[in-house]
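Working notes, beginning with the structure itself.
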Amino acid sequence: MRILIVEDEPGIANFVKQGLEEESFAVDISTDGTEGLDLALTGNYDLILLDWMLPGISGIEVCRNIRESDSETPIIFLTAKDTVRDTVFGLQAGANDYIKKPFAFEELLERIRVQLRPKTGEHEKFSLGNIVLDTRSHRVLKGDKEIALTQKEFALLEFLLRNKGKVCRRTQIIESVWDIHFEYNTGVIDVYINSLRNKLELEDSGAHIKTVRGVGYIAVEPES
Ligand code: CA
């Protein structure tokens, strides 16, 4: 899952980015309203965290502009403006949620998870064979054995399992798992895929992460 932070205070932006990366999100930062809007409209993000007072154009304008063409991507305001009137104004501009500074990271994370929760309201668990990935506890279990994955391995597996049975193109994987500074090199993905296959020991459960030559990868259940 990929998140854009539009925030001109580097301390806050980097603090949030680091925390989210520890939860296996891919995170880009923009420190300017105009650039942030540009990225938001072109970058294929799963969620946007938006400051209100920004150089360039304000967060409110950024939010309104995004909503003109995109009614889906969740937007959460992160702002020091804290009156009821401000909150209402922010939500009316099209934001899904509004968090006042200073905030606790744990609360921000939970509010992000609420926005990203599947519409069915189900707990976010994804499975493949006897492997279960739990996004909330950030654990991967194979049967009752816990598999230790790196942040990127976890994010890659999550993406493949969210799209189980569908071919995931390399470009889609890069967009979801790596941030904007990733240098396009598909060899890196192969390394991570092989590492996942080894750690998960997929063959013995019949489940696979298959290579679709020239295109990408697909997670498939054991044949019954
Ligand atoms: Ca600001």
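Atoms within a ligand are numbered from 1 in the order they appear, just like the ligands themselves. We use all heavy atoms of the structure for the numbers below, so side chains are in, but hydrogens, waters and symmetry mates are not.
- Under the 3.5 Å distance criterion, the side-chain polar atoms of Arg2 are matched with a main-chain donor or acceptor of Glu175.
- One finds the NZ atom of Lys210 at 14.0 Å from the CG atom of Leu160 (value rounded to the nearest 0.5 Å).
- In this structure, Asp70 contributes its side chain and Ile66 its backbone to no donor-acceptor pair below 3.5 Å.
- Side-chain contact, Ser195 with Glu153: a donor N or O sits under 3.5 Å from an acceptor N or O.
- Counted by atom type alone, Asp86 and Tyr98 present zero donor-acceptor pairs between their side chains at under 3.5 Å.
- Around the Ca ion (ligand 1), protein N, O or S atoms at less than 3.0 Å comprise Asp8 OD1, Asp51 OD2, Met53 O.
- Ile193 is not connected to Ile218 by any chain of hydrophobic side-chain contacts under 4.5 Å among Ile, Leu, Val, Met, Phe, Trp and Tyr, and they are in different clusters.
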